[in-house]
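Every chain is numbered from 1 and lettered A, B, ... according to where its sequence line falls, protein lines coming before strand lines.
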Amino acid sequence: MIDELKLNSTQEQRLQVIEDLRKEGIDPYGQRYDRTHSSEQAKAEFEKAEAQAAEKEHFTTAPMKLAGRIAAKRDQGKTAFVHITDQAGKIQVYIRKDVIGEEAFALLKRLYAGDIIGVEGPAFRTKTGEISIRAEKIVILSKSINPPPEKFHGLTDVEMRYRQRYVDLMSNPEVRETFLKRSQIMQSIREYMGSQGYLEVETPMMHTVAGGAAARPFITHHNALDMELYLRIAPELYLKRLLVGGFERVYEINRNFRNEGISIKHNPEFTMMEVYQAYGDMETMMDLSEEVICHAAKKFFPDLKVVHQEKELNFTRPWRRVSMLDLVREVTGCNELTYSCSRELAAEQAKKLHVPIEKNDSAAKIIVKIFEEKIEATLMDPTFVFGYPKETSPLAKGSKDDPAKVDRFELFIYGREIGNAFSELNDSEDQLARFENQISQREAGDDEAHQMDTDYVNALRYGMPPAGGLGLGIDRIVMLLTDSASIRDVILFPTMRKRVAGAAEETAGETEEQK
RNA sequence: GGAGCAUUAGCUCAGCUGGUAGAGCAACUGACUCUUAAUCAGUGGGUCGUCGGUUCAAAUCCGCCAUGCUCCA
């Protein structure tokens, strides 16, 4: 057998029981089981019926059918208490030999924590007041070979929690809760977007040109067409093609892939919502950001005071809107700073604040670095920072008041970038020039500079309405609303290094191949 | 890319200045008809992440590597 799947003695014992059951004609893996109640429904129904009952003492309901995984077993001789968990929660099952019969009671001996069973019987209250099911019938729905994690602490080893999320989910209810909330957040975002007339669309995940953002892509190969394809780093350029086509409000919620480092706030594949609205602009997108995020946040924090990592964040609208130049001027105390000021002036301010810069950084880049280094982490309550330098935003429309600036904002919450938006550049020839400028930056060694997308320029030549566009980091929003410290806690199966089973020899064989 | 920390039974963890391994839960055997981290008595379970070094002797000291977490770039 494959080494990794070799059974230890506990597993061998459990497997032996499974074989014994089969010999006795008992199916250890069960069949369809038509439940009448979840654990939650059973408790709710009992409470309701009990409240209406004339005689509350020893009150029992009609029999119910429930199913779930055995979380704990307390065997007491001729009776036993078993807790079973289902998706909704858990419920206690009370098993008496004189109720269930000798044979079924004997079967109980061979049921372990981790096994999945079906239970039939009326609900009642135990002496201690816990609503329980008095079992009249028990069926095995699935035996388990692997014992579940320790019942009190659950699974805490973070590596195992991420690699074997199924174990994490079965033993840690708060993890189930987080992903349940994630689903509710997604639903509430879609609900809001739909209510405002935005059309949900799906654009390609495999791109011939990886555009729409500054990031390194994953490269793959299509055999039949014999060509390189890139997993998308952003859907932006496709969504704007749809505006050219005549759709006026579109959005997409899906995965982006960026071939970059992994951290507490970065996973190589992450979920982003992008929205485009014809005839709108940057400010339209500020309003939309507030509305859609608050719509989701209200479900968990009705007063919009979001508690995250022991800090209270005030989501009450309107959110602060402040220009990047104002913020940087304030922190440096230098009012002469502009994106087109002398490089020396900007460099001097950076040096004063101990912000490291590169030799060929422009004044604009230095100002952004001062912002990132000194201000970003301090923006706790939701804050829109607007007015970005043109040179780092090749898809955004220029500002009317300053040719070096574009109408772009980023949204920060808890010191983290949550969203990015701009008034979309719809002048095809300006776009062409911006792409050409990006190409020279790429040639100068910036491998995150945008690639040329000639078809996109062609699309713009047909005319695209002025528009506002927005990208929101869904995982990061989920982190905020579920009080999760790491992005890995809100992604069911985060990206992990390939686990090498018999480490030594396998890696020796592999390293050559990989080079 | 750099730094710090971690890796011991299925799970949660002890293990001091080096003397070849412990607990609780889980499992197994038995007792127990309202328990809930049930209780009580007993049993089995380990290549101490890998490879190497120092040493009479390494879970423990040193080094490489692997994996993970955190911080920094």
Side-chain angles (χ1 to χ4, degrees), chain A residues 3-18 20 57-58 60 69-85 89-100 102 105 108-115 124-135 143-164 167-168 170-172 260-267 309 354-358 369 372-373 377 485-489 494-511 514:
Chain A
D3 272 4
E4 221 180 318
L5 292 178
K6 262 193 194 134
L7 301 179
N8 65 32
S9 59
T10 303
Q11 293 170 313
E12 290 281 7
Q13 279 171 351
R14 285 174 164 240
L15 184 61
Q16 185 58 50
V17 169
I18 289 171
D20 291 347
E57 213 156 324
H58 307 302
T60 61
R69 188 187 294 279
I70 298 177
K73 196 171 111 179
R74 293 178 294 280
D75 189 343
Q76 293 213 146
K78 295 189 183 67
T79 63
F81 291 90
V82 168
H83 264 107
I84 60 170
T85 56
K90 65 177 174 180
I91 192 163
Q92 181 169 261
V93 181
Y94 179 49
I95 304 159
R96 293 172 63 104
K97 196 175 183 176
D98 55 10
V99 171
I100 204 171
E102 196 135 341
F105 199 81
L108 181 70
K109 284 236 160 231
R110 292 183 291 179
L111 290 177
Y112 307 134
D115 293 349
F124 75 107
R125 245 184 230 285
T126 62
K127 259 186 197 163
T128 56
E130 181 166 349
I131 299 168
S132 308
I133 302 295
R134 181 180 290 120
K143 286 289 290 174
S144 58
I145 291 173
N146 291 341
E150 201 246 13
K151 65 186 170 196
F152 188 60
H153 296 91
L155 185 69
T156 64
D157 183 300
V158 278
E159 184 175 353
M160 294 239 304
R161 286 189 43 225
Y162 299 148
R163 285 192 196 276
Q164 301 184 37
V167 184
D168 191 26
M170 79 174 73
S171 65
N172 298 324
E260 291 166 354
I262 292 177
S263 82
I264 204 163
K265 47 184 180 176
H266 297 92
N267 195 62
Q309 304 291 292
H354 308 289
V355 174
I357 56 170
E358 302 283 322
K369 281 188 177 174
E372 288 172 348
E373 194 76 20
S486 168
I487 195 169
R488 290 178 212 100
D489 293 327
T495 307
M496 301 288 278
R497 208 180 287 265
K498 186 175 159 191
R499 227 189 93 223
V500 277
E505 49 299 8
E506 274 197 44
T507 33
E510 261 172 38
T511 37
Q514 281 169 346

Please state whether the base of B:U35 and the side chain of A:Thr126 form at least one donor-acceptor pair under 3.5 Å? yes

With hydrogens left out and only the distance checked, is there a donor-acceptor pair under 3.5 Å joining A:Gln92's side chain and the base of B:U35? yes

What's the closest nucleotide to the [X] side chain, out of [options]?
X        : options             : result
A:Tyr162 : B:C69, B:A27, B:C13 : B:C69
A:Glu150 : B:A27, B:C71, B:C25 : B:C25
A:Lys127 : B:C34, B:A26, B:U33 : B:C34
A:Glu373 : B:C11, B:U33, B:A73 : B:A73
A:Arg497 : B:C34, B:G68, B:G10 : B:G68
A:Gln13  : B:G68, B:C28, B:A26 : B:C28
A:Tyr112 : B:C34, B:C11, B:A27 : B:A27
A:Ile264 : B:A37, B:U33, B:C71 : B:C71
A:Thr10  : B:C69, B:G44, B:U35 : B:G44
A:Val158 : B:G68, B:C32, B:C34 : B:G68

Rounding to an integer number of Å, can you tell me how far [X] [atom1] sits from [N] [atom2]?
X        : N     : atom1 : atom2 : value
A:His83  : B:C34 : NE2   : P     : 16 Å
A:Phe105 : B:U33 : CZ    : C1'   : 8 Å
A:Leu111 : B:A27 : CG    : P     : 11 Å
A:Glu12  : B:C28 : CD    : C1'   : 14 Å
A:Lys6   : B:G45 : NZ    : P     : 18 Å
A:Lys78  : B:C34 : NZ    : P     : 11 Å
A:Arg134 : B:U35 : CZ    : P     : 15 Å
A:Asp157 : B:G68 : CG    : P     : 11 Å

Would you measure the distance from the [atom1] atom in [N] across to the matching atom in [M] and give it in whole Å?
N     : M     : atom1 : result
B:U33 : B:U47 : C1'   : 47 Å
B:A31 : B:G18 : P     : 49 Å
B:A66 : B:A73 : C1'   : 24 Å
B:A27 : B:G44 : C1'   : 9 Å
B:G52 : B:A6  : P     : 24 Å
B:C5  : B:C65 : P     : 16 Å
B:G42 : B:G10 : P     : 24 Å
B:G4  : B:G15 : P     : 22 Å

From A:Asp168 CG over to A:Leu155 CG, what is the distance, rounded to the nearest 0.5 angstrom? 6.0 Å

Enter the distance from A:Thr60:OG1 to A:Arg125:CZ here, rounded to the nearest 0.5 Å.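 It is 13.0 Å, given to the nearest 0.5 Å.
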
Side chains of [X] and [Y]: closer than 4.5 Å at any heavy-atom pair?
X        : Y        : answer
A:Arg161 : A:Arg488 : no
A:Glu102 : A:Lys97  : yes
A:His266 : A:Glu260 : no
A:Lys6   : A:Gln11  : no
A:Ile95  : A:Phe105 : yes
A:Met160 : A:Val167 : no
A:Asp115 : A:Arg110 : no

Residue-phosphate contact under 4.0 Å: A:Asn8 side-chain N/O, B:G10 OP1/OP2: yes

Under 4.0 angstrom between A:Thr156 side-chain N/O and B:C13 OP1 or OP2: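 True: A:Thr156 side-chain N/O within range (under 4.0 Å) of B:C13 OP1/OP2.
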
Is a donor from one side chain sitting under 3.5 angstrom from an acceptor on the other, for A:Asp20 and A:Gln16?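 The criterion, which ignores hydrogens and geometry beyond distance, is satisfied for A:Gln16 and A:Asp20.
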
What contact category does A:Arg488 fall into here, base, sugar-phosphate, or nothing, at under 4.0 angstrom with non-hydrogen atoms? sugar-phosphate

Residue met sooner reading RNA chain B from 5', once A:Gly154 and A:Ala485 are mapped to nucleotides: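 Between the two, 5'-proximity favours A:Gly154.
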
Toward the 5' end of RNA chain B, by each residue's nearest nucleotide, A:Gln11 or A:Gly77: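 Taking each residue's closest nucleotide, the earlier one in sequence belongs to A:Gln11.
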
Both distances under 3.5 Å, Watson-Crick or G-U wobble: on that basis, could you give the dot-bracket string for RNA chain B, with [ ] for crossing pairs and | for other-strand partners? (((((((..((((.....[..)))).(((((.......))))).....(.(((..]....))).)))))))).

